[in-house]
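Everything on this sheet refers to the single structure shown next.
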Number of protein chains: 2
Amino acid sequence: MSENEPTRSARKHQAILDAATGVFLAKGFAGTNMDDIAKRAAVSKQTVYKHFADKEKLFAEIVLGTTDRVDGMVDLVADVPAEADTLEENLHALARQFLAALTGAEVFQLRRLVIANADTFPELGATWYEQGFERVLGTLADTFRRLTEKGVLHADEPLLAAHHFAGLLLWIPVNRAMFHGSPQHTEAELDHYATAGVRAFLAAYR
Amino acid sequence: MSENEPTRSARKHQAILDAATGVFLAKGFAGTNMDDIAKRAAVSKQTVYKHFADKEKLFAEIVLGTTDRVDGMVDLVADVPAEADTLEENLHALARQFLAALTGAEVFQLRRLVIANADTFPELGATWYEQGFERVLGTLADTFRRLTEKGVLHADEPLLAAHHFAGLLLWIPVNRAMFHGSPQHTEAELDHYATAGVRAFLAAYR
DNA sequence: TTCATAGTACTGGACAGTCCAGTTCTCGCT
DNA sequence: AGCGAGAACTGGACTGTCCAGTACTATGAA
(Lines give C-alpha, C1' and ligand atoms only; values in the text may rest on other atoms or scores of the structure.)
Protein backbone atom coordinates (compact mmCIF):
# COMPACT_ATOMS: atom_id res chain seq x y z
CA MET A 1 0.00 0.00 0.00
CA SER A 2 1.09 3.57 -0.54
CA GLU A 3 2.46 5.28 2.50
CA ASN A 4 -0.06 8.10 2.83
CA GLU A 5 -3.29 7.58 1.07
CA PRO A 6 -5.79 9.50 3.14
CA THR A 7 -8.69 7.50 4.51
CA ARG A 8 -12.17 8.28 3.36
CA SER A 9 -12.89 9.95 6.65
CA ALA A 10 -9.84 12.18 6.32
CA ARG A 11 -10.80 13.11 2.79
CA LYS A 12 -14.31 14.09 3.85
CA HIS A 13 -12.93 16.03 6.77
CA GLN A 14 -10.72 18.04 4.49
CA ALA A 15 -13.47 18.55 1.93
CA ILE A 16 -15.69 20.00 4.62
CA LEU A 17 -12.95 22.30 5.85
CA ASP A 18 -12.23 23.53 2.34
CA ALA A 19 -15.85 24.11 1.49
CA ALA A 20 -16.59 25.81 4.78
CA THR A 21 -13.58 28.07 4.43
CA GLY A 22 -14.79 29.25 1.06
CA VAL A 23 -18.34 29.87 2.16
CA PHE A 24 -17.42 31.58 5.42
CA LEU A 25 -14.97 33.87 3.67
CA ALA A 26 -17.49 34.78 1.04
CA LYS A 27 -20.58 35.17 3.17
CA GLY A 28 -19.54 35.63 6.77
CA PHE A 29 -20.54 33.54 9.75
CA ALA A 30 -24.18 34.53 9.97
CA GLY A 31 -24.65 34.48 6.21
CA THR A 32 -23.47 30.90 5.89
CA ASN A 33 -25.71 27.92 6.33
CA MET A 34 -24.72 24.38 6.98
CA ASP A 35 -26.61 22.97 4.02
CA ASP A 36 -24.50 25.08 1.70
CA ILE A 37 -21.34 23.79 3.26
CA ALA A 38 -22.48 20.20 2.97
CA LYS A 39 -23.46 20.68 -0.65
CA ARG A 40 -20.19 22.39 -1.56
CA ALA A 41 -18.24 19.63 0.15
CA ALA A 42 -20.30 17.02 -1.70
CA VAL A 43 -21.07 15.46 1.62
CA SER A 44 -24.20 14.82 3.60
CA LYS A 45 -25.14 17.19 6.36
CA GLN A 46 -24.94 14.36 8.82
CA THR A 47 -21.30 13.88 7.96
CA VAL A 48 -20.59 17.52 8.62
CA TYR A 49 -22.01 17.12 12.11
CA LYS A 50 -20.08 13.92 12.59
CA HIS A 51 -16.82 15.79 12.06
CA PHE A 52 -17.69 19.07 13.74
CA ALA A 53 -19.90 19.42 16.77
CA ASP A 54 -21.63 22.56 15.56
CA LYS A 55 -21.29 25.62 13.38
CA GLU A 56 -19.25 27.56 15.89
CA LYS A 57 -16.70 24.81 16.38
CA LEU A 58 -16.28 24.51 12.64
CA PHE A 59 -15.78 28.24 12.34
CA ALA A 60 -13.25 28.40 15.14
CA GLU A 61 -11.25 25.50 13.75
CA ILE A 62 -11.03 27.15 10.36
CA VAL A 63 -9.95 30.52 11.67
CA LEU A 64 -7.36 29.16 14.05
CA GLY A 65 -6.13 26.76 11.41
CA THR A 66 -4.82 29.66 9.38
CA THR A 67 -2.47 31.01 12.01
CA ASP A 68 0.30 28.61 11.10
CA ARG A 69 0.46 30.15 7.66
CA VAL A 70 2.34 33.09 9.14
CA ASP A 71 5.37 30.92 9.85
CA GLY A 72 6.79 31.87 6.51
CA MET A 73 6.47 35.51 7.32
CA VAL A 74 8.13 35.02 10.68
CA ASP A 75 11.14 33.53 8.91
CA LEU A 76 11.08 36.43 6.52
CA VAL A 77 11.38 39.15 9.14
CA ALA A 78 13.93 37.22 11.14
CA ASP A 79 16.35 37.11 8.23
CA VAL A 80 17.08 40.76 7.59
CA PRO A 81 20.85 41.11 7.09
CA ALA A 82 22.58 43.44 9.53
CA GLU A 83 24.73 45.34 7.11
CA ALA A 84 24.51 49.08 7.23
CA ASP A 85 25.23 49.83 3.59
CA THR A 86 22.45 47.64 2.24
CA LEU A 87 19.95 48.34 5.01
CA GLU A 88 17.61 50.41 2.93
CA GLU A 89 17.29 47.91 0.12
CA ASN A 90 16.98 45.05 2.57
CA LEU A 91 14.10 46.77 4.34
CA HIS A 92 12.55 47.65 1.03
CA ALA A 93 12.65 44.02 -0.03
CA LEU A 94 11.10 43.05 3.28
CA ALA A 95 8.40 45.66 2.85
CA ARG A 96 7.52 44.40 -0.60
CA GLN A 97 7.20 40.84 0.58
CA PHE A 98 5.16 42.00 3.53
CA LEU A 99 2.75 43.83 1.29
CA ALA A 100 2.58 41.02 -1.21
CA ALA A 101 1.77 38.49 1.50
CA LEU A 102 -0.88 40.62 3.14
CA THR A 103 -2.64 42.03 0.15
CA GLY A 104 -3.58 38.62 -1.11
CA ALA A 105 -7.35 38.82 -1.15
CA GLU A 106 -7.77 35.86 1.17
CA VAL A 107 -5.86 37.43 4.04
CA PHE A 108 -8.01 40.53 4.00
CA GLN A 109 -11.20 38.53 3.79
CA LEU A 110 -10.11 36.50 6.76
CA ARG A 111 -9.20 39.62 8.65
CA ARG A 112 -12.61 41.06 7.97
CA LEU A 113 -14.22 37.83 9.03
CA VAL A 114 -12.43 37.80 12.36
CA ILE A 115 -13.10 41.47 13.06
CA ALA A 116 -16.74 41.11 12.14
CA ASN A 117 -17.23 38.35 14.67
CA ALA A 118 -15.00 39.68 17.41
CA ASP A 119 -18.11 40.31 19.49
CA THR A 120 -19.50 36.84 19.10
CA PHE A 121 -16.12 35.11 19.45
CA PRO A 122 -13.96 37.42 21.55
CA GLU A 123 -11.26 34.88 22.29
CA LEU A 124 -11.04 33.91 18.67
CA GLY A 125 -10.20 37.43 17.61
CA ALA A 126 -7.64 37.87 20.32
CA THR A 127 -6.00 34.53 19.65
CA TRP A 128 -5.89 35.02 15.92
CA TYR A 129 -4.26 38.40 16.30
CA GLU A 130 -1.73 37.21 18.83
CA GLN A 131 -0.77 34.04 17.00
CA GLY A 132 -0.71 35.90 13.73
CA PHE A 133 0.30 39.46 13.42
CA GLU A 134 1.75 40.04 16.87
CA ARG A 135 4.03 37.07 16.45
CA VAL A 136 5.40 38.55 13.26
CA LEU A 137 5.84 41.94 14.87
CA GLY A 138 7.53 40.40 17.86
CA THR A 139 10.05 38.74 15.59
CA LEU A 140 10.53 41.96 13.66
CA ALA A 141 11.17 43.69 16.97
CA ASP A 142 13.89 41.13 17.71
CA THR A 143 15.45 41.91 14.37
CA PHE A 144 15.36 45.63 15.08
CA ARG A 145 16.92 45.02 18.47
CA ARG A 146 19.72 43.09 16.82
CA LEU A 147 20.24 45.86 14.28
CA THR A 148 20.27 48.39 17.08
CA GLU A 149 22.93 46.46 18.96
CA LYS A 150 25.05 46.45 15.83
CA GLY A 151 24.65 50.20 15.59
CA VAL A 152 22.87 50.00 12.25
CA LEU A 153 19.59 51.25 13.68
CA HIS A 154 18.48 53.23 16.70
CA ALA A 155 15.35 51.69 18.12
CA ASP A 156 15.06 52.24 21.86
CA GLU A 157 11.76 50.42 21.86
CA PRO A 158 12.05 47.76 19.19
CA LEU A 159 8.44 46.63 19.45
CA LEU A 160 7.17 50.15 19.02
CA ALA A 161 9.52 50.56 16.07
CA ALA A 162 8.13 47.39 14.54
CA HIS A 163 4.61 48.73 14.90
CA HIS A 164 5.68 51.98 13.31
CA PHE A 165 7.17 50.07 10.41
CA ALA A 166 3.94 48.17 9.97
CA GLY A 167 1.80 51.26 10.36
CA LEU A 168 3.72 53.26 7.80
CA LEU A 169 3.52 50.42 5.36
CA LEU A 170 0.08 48.98 5.87
CA TRP A 171 -2.21 51.74 7.04
CA ILE A 172 -3.34 52.74 3.57
CA PRO A 173 -3.87 49.37 1.92
CA VAL A 174 -5.39 47.75 4.99
CA ASN A 175 -7.96 50.47 5.46
CA ARG A 176 -8.83 50.50 1.82
CA ALA A 177 -9.39 46.79 1.86
CA MET A 178 -11.40 46.78 5.06
CA PHE A 179 -14.00 49.20 3.81
CA HIS A 180 -14.16 48.35 0.15
CA GLY A 181 -15.02 44.96 -1.16
CA SER A 182 -11.99 44.15 -3.26
CA PRO A 183 -8.37 45.13 -2.63
CA GLN A 184 -7.68 47.06 -5.84
CA HIS A 185 -4.03 47.87 -5.38
CA THR A 186 -1.82 48.12 -8.41
CA GLU A 187 1.73 46.90 -8.22
CA ALA A 188 2.94 50.45 -8.73
CA GLU A 189 0.95 51.68 -5.73
CA LEU A 190 2.26 48.92 -3.52
CA ASP A 191 5.80 49.71 -4.56
CA HIS A 192 5.23 53.36 -3.80
CA TYR A 193 3.88 52.56 -0.35
CA ALA A 194 6.93 50.41 0.31
CA THR A 195 9.40 53.02 -0.85
CA ALA A 196 7.81 55.90 1.01
CA GLY A 197 7.23 53.84 4.15
CA VAL A 198 10.80 52.60 4.32
CA ARG A 199 12.13 56.09 3.68
CA ALA A 200 10.08 57.55 6.53
CA PHE A 201 11.02 54.68 8.81
CA LEU A 202 14.72 55.09 8.17
CA ALA A 203 14.51 58.83 8.68
CA ALA A 204 13.04 58.17 12.10
CA TYR A 205 15.11 55.20 13.20
CA ARG A 206 18.51 55.30 11.57
CA MET B 1 -46.49 77.93 18.68
CA SER B 2 -42.91 77.52 19.87
CA GLU B 3 -40.34 77.59 17.13
CA ASN B 4 -39.02 74.08 17.49
CA GLU B 5 -41.12 71.79 19.53
CA PRO B 6 -40.73 68.49 17.78
CA THR B 7 -43.93 66.86 16.63
CA ARG B 8 -44.89 63.53 18.04
CA SER B 9 -43.88 61.91 14.80
CA ALA B 10 -40.45 63.54 14.93
CA ARG B 11 -39.99 62.38 18.51
CA LYS B 12 -40.82 58.82 17.60
CA HIS B 13 -38.52 58.99 14.62
CA GLN B 14 -35.65 60.06 16.83
CA ALA B 15 -36.46 57.49 19.48
CA ILE B 16 -36.30 54.77 16.86
CA LEU B 17 -32.99 56.04 15.54
CA ASP B 18 -31.50 56.18 19.02
CA ALA B 19 -32.71 52.75 19.99
CA ALA B 20 -31.62 51.19 16.72
CA THR B 21 -28.19 52.77 16.98
CA GLY B 22 -27.67 51.22 20.38
CA VAL B 23 -28.82 47.78 19.37
CA PHE B 24 -26.94 47.69 16.07
CA LEU B 25 -23.73 48.81 17.75
CA ALA B 26 -24.08 46.23 20.44
CA LYS B 27 -25.22 43.26 18.40
CA GLY B 28 -24.42 43.89 14.77
CA PHE B 29 -26.76 43.89 11.83
CA ALA B 30 -27.64 40.21 11.72
CA GLY B 31 -27.81 39.93 15.49
CA THR B 32 -30.38 42.68 15.80
CA ASN B 33 -34.09 42.13 15.43
CA MET B 34 -36.75 44.67 14.78
CA ASP B 35 -38.83 43.73 17.81
CA ASP B 36 -35.93 44.66 20.05
CA ILE B 37 -35.60 48.01 18.40
CA ALA B 38 -39.31 48.72 18.75
CA LYS B 39 -39.27 47.73 22.38
CA ARG B 40 -36.20 49.82 23.17
CA ALA B 41 -37.74 52.81 21.43
CA ALA B 42 -40.98 52.28 23.36
CA VAL B 43 -42.77 52.23 20.06
CA SER B 44 -44.84 49.71 18.22
CA LYS B 45 -43.23 47.69 15.49
CA GLN B 46 -45.71 49.09 13.05
CA THR B 47 -44.43 52.57 13.78
CA VAL B 48 -40.91 51.50 13.06
CA TYR B 49 -42.01 50.36 9.63
CA LYS B 50 -43.93 53.55 9.11
CA HIS B 51 -40.75 55.55 9.52
CA PHE B 52 -38.27 53.20 7.83
CA ALA B 53 -39.05 51.03 4.88
CA ASP B 54 -37.08 48.04 6.11
CA LYS B 55 -34.20 46.94 8.26
CA GLU B 56 -31.54 47.74 5.68
CA LYS B 57 -32.75 51.28 5.13
CA LEU B 58 -32.76 51.89 8.85
CA PHE B 59 -29.24 50.56 9.14
CA ALA B 60 -27.95 52.65 6.27
CA GLU B 61 -29.51 55.81 7.62
CA ILE B 62 -27.91 55.30 11.00
CA VAL B 63 -24.45 54.62 9.66
CA LEU B 64 -24.47 57.52 7.24
CA GLY B 65 -25.96 59.78 9.87
CA THR B 66 -22.76 59.57 11.87
CA THR B 67 -20.49 60.95 9.19
CA ASP B 68 -21.27 64.55 10.06
CA ARG B 69 -19.80 64.01 13.49
CA VAL B 70 -16.35 64.23 11.98
CA ASP B 71 -16.83 67.92 11.23
CA GLY B 72 -15.26 68.76 14.54
CA MET B 73 -12.21 66.75 13.69
CA VAL B 74 -11.92 68.41 10.33
CA ASP B 75 -11.78 71.79 12.05
CA LEU B 76 -9.21 70.39 14.42
CA VAL B 77 -6.73 69.34 11.78
CA ALA B 78 -7.27 72.49 9.74
CA ASP B 79 -6.16 74.70 12.62
CA VAL B 80 -2.59 73.63 13.20
CA PRO B 81 -0.48 76.80 13.64
CA ALA B 82 2.32 77.20 11.15
CA GLU B 83 5.07 78.25 13.49
CA ALA B 84 8.25 76.26 13.35
CA ASP B 85 9.32 76.59 16.97
CA THR B 86 6.11 75.17 18.40
CA LEU B 87 5.49 72.62 15.66
CA GLU B 88 6.28 69.60 17.76
CA GLU B 89 3.96 70.53 20.59
CA ASN B 90 1.25 71.57 18.17
CA LEU B 91 1.38 68.22 16.44
CA HIS B 92 1.48 66.47 19.76
CA ALA B 93 -1.66 68.27 20.88
CA LEU B 94 -3.31 67.34 17.60
CA ALA B 95 -2.26 63.73 18.05
CA ARG B 96 -3.73 63.58 21.53
CA GLN B 97 -7.05 64.97 20.39
CA PHE B 98 -7.04 62.61 17.47
CA LEU B 99 -6.51 59.63 19.71
CA ALA B 100 -9.03 60.83 22.24
CA ALA B 101 -11.68 61.27 19.58
CA LEU B 102 -11.08 57.92 17.95
CA THR B 103 -10.61 55.73 20.97
CA GLY B 104 -14.04 56.55 22.26
CA ALA B 105 -15.67 53.14 22.37
CA GLU B 106 -18.50 54.17 20.08
CA VAL B 107 -16.28 55.06 17.17
CA PHE B 108 -14.58 51.70 17.24
CA GLN B 109 -17.84 49.86 17.53
CA LEU B 110 -19.15 51.74 14.55
CA ARG B 111 -16.01 51.02 12.62
CA ARG B 112 -16.34 47.34 13.35
CA LEU B 113 -19.98 47.45 12.37
CA VAL B 114 -19.21 48.98 9.01
CA ILE B 115 -16.33 46.63 8.30
CA ALA B 116 -18.35 43.62 9.30
CA ASN B 117 -21.07 44.44 6.81
CA ALA B 118 -18.89 45.74 4.01
CA ASP B 119 -19.83 42.68 2.00
CA THR B 120 -23.56 43.11 2.43
CA PHE B 121 -23.47 46.89 2.02
CA PRO B 122 -20.47 47.66 -0.14
CA GLU B 123 -21.42 51.23 -0.93
CA LEU B 124 -22.11 51.94 2.68
CA GLY B 125 -18.59 51.02 3.70
CA ALA B 126 -17.04 53.04 0.92
CA THR B 127 -19.19 56.07 1.59
CA TRP B 128 -18.63 56.00 5.32
CA TYR B 129 -14.90 55.82 4.87
CA GLU B 130 -14.79 58.57 2.29
CA GLN B 131 -17.09 60.93 4.14
CA GLY B 132 -15.38 60.19 7.40
CA PHE B 133 -11.77 59.39 7.65
CA GLU B 134 -10.63 60.34 4.18
CA ARG B 135 -12.17 63.76 4.59
CA VAL B 136 -10.16 64.32 7.75
CA LEU B 137 -6.99 63.08 6.10
CA GLY B 138 -7.59 65.28 3.09
CA THR B 139 -7.84 68.29 5.35
CA LEU B 140 -4.74 67.23 7.23
CA ALA B 141 -2.97 66.95 3.88
CA ASP B 142 -3.95 70.53 3.12
CA THR B 143 -2.47 71.58 6.42
CA PHE B 144 0.76 69.74 5.69
CA ARG B 145 0.90 71.36 2.27
CA ARG B 146 0.55 74.77 3.91
CA LEU B 147 3.27 73.94 6.40
CA THR B 148 5.47 72.74 3.60
CA GLU B 149 4.98 75.99 1.66
CA LYS B 150 6.06 77.89 4.74
CA GLY B 151 9.16 75.76 4.95
CA VAL B 152 8.19 74.33 8.34
CA LEU B 153 7.73 70.83 6.97
CA HIS B 154 8.91 68.89 3.93
CA ALA B 155 6.06 66.84 2.58
CA ASP B 156 6.34 66.29 -1.16
CA GLU B 157 3.18 64.24 -1.07
CA PRO B 158 1.00 65.78 1.60
CA LEU B 159 -1.70 63.10 1.43
CA LEU B 160 0.83 60.36 1.84
CA ALA B 161 2.34 62.26 4.76
CA ALA B 162 -1.09 62.55 6.34
CA HIS B 163 -1.56 58.80 6.02
CA HIS B 164 1.84 58.26 7.55
CA PHE B 165 0.92 60.50 10.45
CA ALA B 166 -2.28 58.53 10.97
CA GLY B 167 -0.56 55.19 10.57
CA LEU B 168 2.17 55.98 13.09
CA LEU B 169 -0.41 57.16 15.55
CA LEU B 170 -3.30 54.81 15.12
CA TRP B 171 -1.95 51.48 13.98
CA ILE B 172 -1.54 50.04 17.45
CA PRO B 173 -4.72 51.20 19.16
CA VAL B 174 -6.94 50.59 16.14
CA ASN B 175 -5.77 47.05 15.68
CA ARG B 176 -6.07 46.28 19.34
CA ALA B 177 -9.61 47.57 19.36
CA MET B 178 -10.62 45.75 16.20
CA PHE B 179 -9.67 42.33 17.44
CA HIS B 180 -10.43 42.60 21.11
CA GLY B 181 -13.81 43.42 22.44
CA SER B 182 -13.08 46.50 24.51
CA PRO B 183 -10.54 49.27 23.81
CA GLN B 184 -8.43 48.95 26.96
CA HIS B 185 -6.02 51.81 26.45
CA THR B 186 -4.69 53.66 29.44
CA GLU B 187 -4.11 57.39 29.20
CA ALA B 188 -0.41 56.80 29.64
CA GLU B 189 -0.31 54.43 26.68
CA LEU B 190 -2.16 56.86 24.47
CA ASP B 191 0.23 59.61 25.43
CA HIS B 192 3.16 57.40 24.65
CA TYR B 193 1.76 56.54 21.23
CA ALA B 194 1.27 60.24 20.55
CA THR B 195 4.78 61.20 21.63
CA ALA B 196 6.53 58.42 19.77
CA GLY B 197 4.39 58.84 16.67
CA VAL B 198 4.97 62.57 16.46
CA ARG B 199 8.68 62.11 17.03
CA ALA B 200 8.94 59.58 14.22
CA PHE B 201 6.82 61.72 11.94
CA LEU B 202 8.92 64.81 12.50
CA ALA B 203 12.11 62.86 11.95
CA ALA B 204 10.77 61.83 8.58
CA TYR B 205 9.13 65.05 7.47
CA ARG B 206 10.83 68.03 9.05
C1' DT C 1 -63.55 63.25 13.03
C1' DT C 2 -59.11 61.93 11.48
C1' DC C 3 -54.57 60.49 11.78
C1' DA C 4 -50.76 58.31 14.09
C1' DT C 5 -49.94 54.88 17.11
C1' DA C 6 -50.13 50.66 20.45
C1' DG C 7 -50.72 45.97 20.91
C1' DT C 8 -50.78 41.72 19.25
C1' DA C 9 -51.58 38.02 16.38
C1' DC C 10 -50.19 36.12 12.09
C1' DT C 11 -47.62 34.60 7.65
C1' DG C 12 -43.94 32.87 5.29
C1' DG C 13 -39.43 31.64 5.00
C1' DA C 14 -34.88 30.47 6.64
C1' DC C 15 -31.98 27.62 9.14
C1' DA C 16 -29.41 24.77 13.06
C1' DG C 17 -29.46 20.49 14.44
C1' DT C 18 -31.67 15.59 14.70
C1' DC C 19 -33.44 11.14 13.14
C1' DC C 20 -33.74 7.24 10.38
C1' DA C 21 -33.53 3.81 6.77
C1' DG C 22 -30.71 2.18 3.47
C1' DT C 23 -25.84 2.12 1.14
C1' DT C 24 -20.83 1.99 0.80
C1' DC C 25 -16.40 1.67 2.52
C1' DT C 26 -12.64 -0.39 5.52
C1' DC C 27 -10.14 -3.66 7.63
C1' DG C 28 -9.14 -7.60 10.21
C1' DC C 29 -9.78 -12.54 9.85
C1' DT C 30 -9.80 -16.87 7.55
C1' DA D 1 -8.23 -13.63 -2.38
C1' DG D 2 -12.77 -13.62 -0.17
C1' DC D 3 -15.89 -12.72 3.84
C1' DG D 4 -18.28 -10.32 7.22
C1' DA D 5 -19.03 -6.94 10.87
C1' DG D 6 -18.87 -2.41 12.16
C1' DA D 7 -18.03 2.16 11.05
C1' DA D 8 -18.86 5.95 8.06
C1' DC D 9 -21.72 7.93 4.69
C1' DT D 10 -26.06 9.38 1.96
C1' DG D 11 -30.44 11.61 1.24
C1' DG D 12 -34.15 13.45 2.82
C1' DA D 13 -37.66 14.30 5.98
C1' DC D 14 -38.55 16.51 10.31
C1' DT D 15 -38.56 19.64 14.63
C1' DG D 16 -38.20 23.73 16.86
C1' DT D 17 -36.96 28.30 16.71
C1' DC D 18 -36.18 32.80 15.16
C1' DC D 19 -37.39 36.72 12.62
C1' DA D 20 -38.78 40.28 8.84
C1' DG D 21 -42.65 42.14 7.51
C1' DT D 22 -48.06 42.47 7.44
C1' DA D 23 -52.92 42.79 9.13
C1' DC D 24 -56.19 44.29 12.14
C1' DT D 25 -58.45 46.28 16.05
C1' DA D 26 -58.53 49.44 19.68
C1' DT D 27 -56.89 53.84 21.69
C1' DG D 28 -55.37 58.38 22.34
C1' DA D 29 -54.01 62.91 20.46
C1' DA D 30 -54.98 67.10 17.37
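Letters go in sequence order (proteins before strands), and every chain restarts at 1. Computation of the quantities below employed the complete heavy-atom set of this structure, encompassing side-chain atoms and omitting hydrogens, waters and symmetry-equivalent molecules.
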Distance-minimising heavy-atom pair for [X] and [Y]:
{"X": "A/Ala194", "Y": "A/Ala95", "answer": "CB-CB, 4.0 Å"}
{"X": "A/His192", "Y": "B/Leu160", "answer": "NE2-CD2, 4.2 Å"}
{"X": "B/Val136", "Y": "B/Val77", "answer": "O-CG2, 3.8 Å"}

Under the criterion ring-ring contact (aromatic ring centres under 6.0 Å, His included), I'd like the reasoning laid out for B/Phe133 against A/Phe179: C-alpha separation, chi angles, the key distance, then a yes or no. CA-CA 11 Å; B/Phe133 211 78; A/Phe179 288 99; 8.7 Å; no
Please identify each residue that fulfils ring-ring contact (aromatic ring centres under 6.0 Å, His included) with B/Phe52, with sequence neighbours left out.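 With sequence neighbours excluded, B/Phe52 shows a ring-ring contact (aromatic ring centres under 6.0 Å, His included) to B/His13, given in chain and number order.
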Give, ordered by number, those residues of residues 24-35 of chain B having at least one heavy-atom distance below 4.0 Å to an atom of DNA chain C; if nothing qualifies, reply none.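 By residue number: none to list.
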Chain B on DNA chain C: first and last contacting nucleotide, 5' to 3', under 4.0 Å to a heavy atom?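 Here the contact window of chain B covers C/dA4 to C/dG7.
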Give the table of side-chain donor-acceptor pairs shorter than 3.5 Å for residues 67-75 of chain A, with sequence neighbours excluded, one pair per line with atom names and distance.
unit_1: A/Thr67; atom_1: OG1; unit_2: A/Leu64; atom_2: O; d: 2.8
unit_1: A/Arg69; atom_1: NH1; unit_2: A/Glu106; atom_2: OE1; d: 2.9
unit_1: A/Asp71; atom_1: OD1; unit_2: A/Arg135; atom_2: NH2; d: 2.3

Flag for B/Glu61-B/His51: side-chain donor and acceptor within less than 3.5 Å: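 Distance-only check fails for B/His51 and B/Glu61.
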B/His164 and B/Tyr205: side chain donor to acceptor below 3.5 Å: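 Yes.
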Hey, does B/Leu113 have a side-chain heavy atom less than 4.5 Å from the side chain of B/Leu110?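 The answer is yes, as the side chains (C-beta and beyond) meet within the 4.5 Å cut-off.
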Got A/Asn175 and B/Arg111 here, is their nearest side-chain heavy-atom distance under 4.5 Å?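 The answer is yes; the side chains approach within 4.5 Å.
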All pairs passing side-chain hydrogen bond (donor to acceptor under 3.5 Å, both in side chains) where residues 120-134 of chain A contributes a residue, at least two apart: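 As it turns out, the side-chain hydrogen bond (donor to acceptor under 3.5 Å, both in side chains) pairs with a partner in residues 120-134 of chain A, which skip direct neighbours, are A/Thr66-A/Trp128.
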Just grab all the side-chain hydrogen bond (donor to acceptor under 3.5 Å, both in side chains) pairs involving residues 23-35 of chain B, residues at least two apart or on different chains.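 Counting only pairs at least two positions apart or across chains, the side-chain hydrogen bond (donor to acceptor under 3.5 Å, both in side chains) contacts touching residues 23-35 of chain B are B/Lys27-B/Asp36, B/Asp35-B/Lys45.
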Summary of ring pair (Phe, Tyr, Trp, His ring centres under 6.0 Å) pairs that have at least one residue in residues 63-82 of chain B, sequence neighbours excluded: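 Checked against ring pair (Phe, Tyr, Trp, His ring centres under 6.0 Å) - neighbours excluded - no pair reaches residues 63-82 of chain B.
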Using the side-chain hydrogen bond (donor to acceptor under 3.5 Å, both in side chains) criterion, which residues pair with B/Asp79? Sequence neighbours excluded.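 So B/Asp79 forms no side-chain hydrogen bond (donor to acceptor under 3.5 Å, both in side chains) with any residue.
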With sequence neighbours excluded, residues passing side-chain hydrogen bond (donor to acceptor under 3.5 Å, both in side chains) with A/His154: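 If we apply the side-chain hydrogen bond (donor to acceptor under 3.5 Å, both in side chains) test to A/His154, skipping adjacent residues, there are no hits.
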When all nucleic acid strands are considered with a 4.0 Å heavy-atom cut-off, which category describes A/Arg11: base, sugar-phosphate, or nothing?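 If one applies the 4.0 Å heavy-atom cut-off, A/Arg11 turns out to touch the sugar-phosphate alone, with no base involved.
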Identify, residue by residue, the members of residues 37-54 of chain B with a heavy atom below 4.0 Å from DNA chain D, and return them in order of residue number, or none.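 Of all residues in residues 37-54 of chain B, the ones placing a heavy atom under 4.0 Å from DNA chain D are B/Lys45, B/Gln46, B/Tyr49, B/Asp54.
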So how far off straight is the helix from C/dT1-D/dA30 to C/dT30-D/dA1, going by the axes through five pairs at either end, to 10°?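 Inter-axis angle at the ends, rounded: 20°.
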Contact list (N/O, under 3.5 angstrom) for nucleotides 26-29 of chain D vs protein:
none

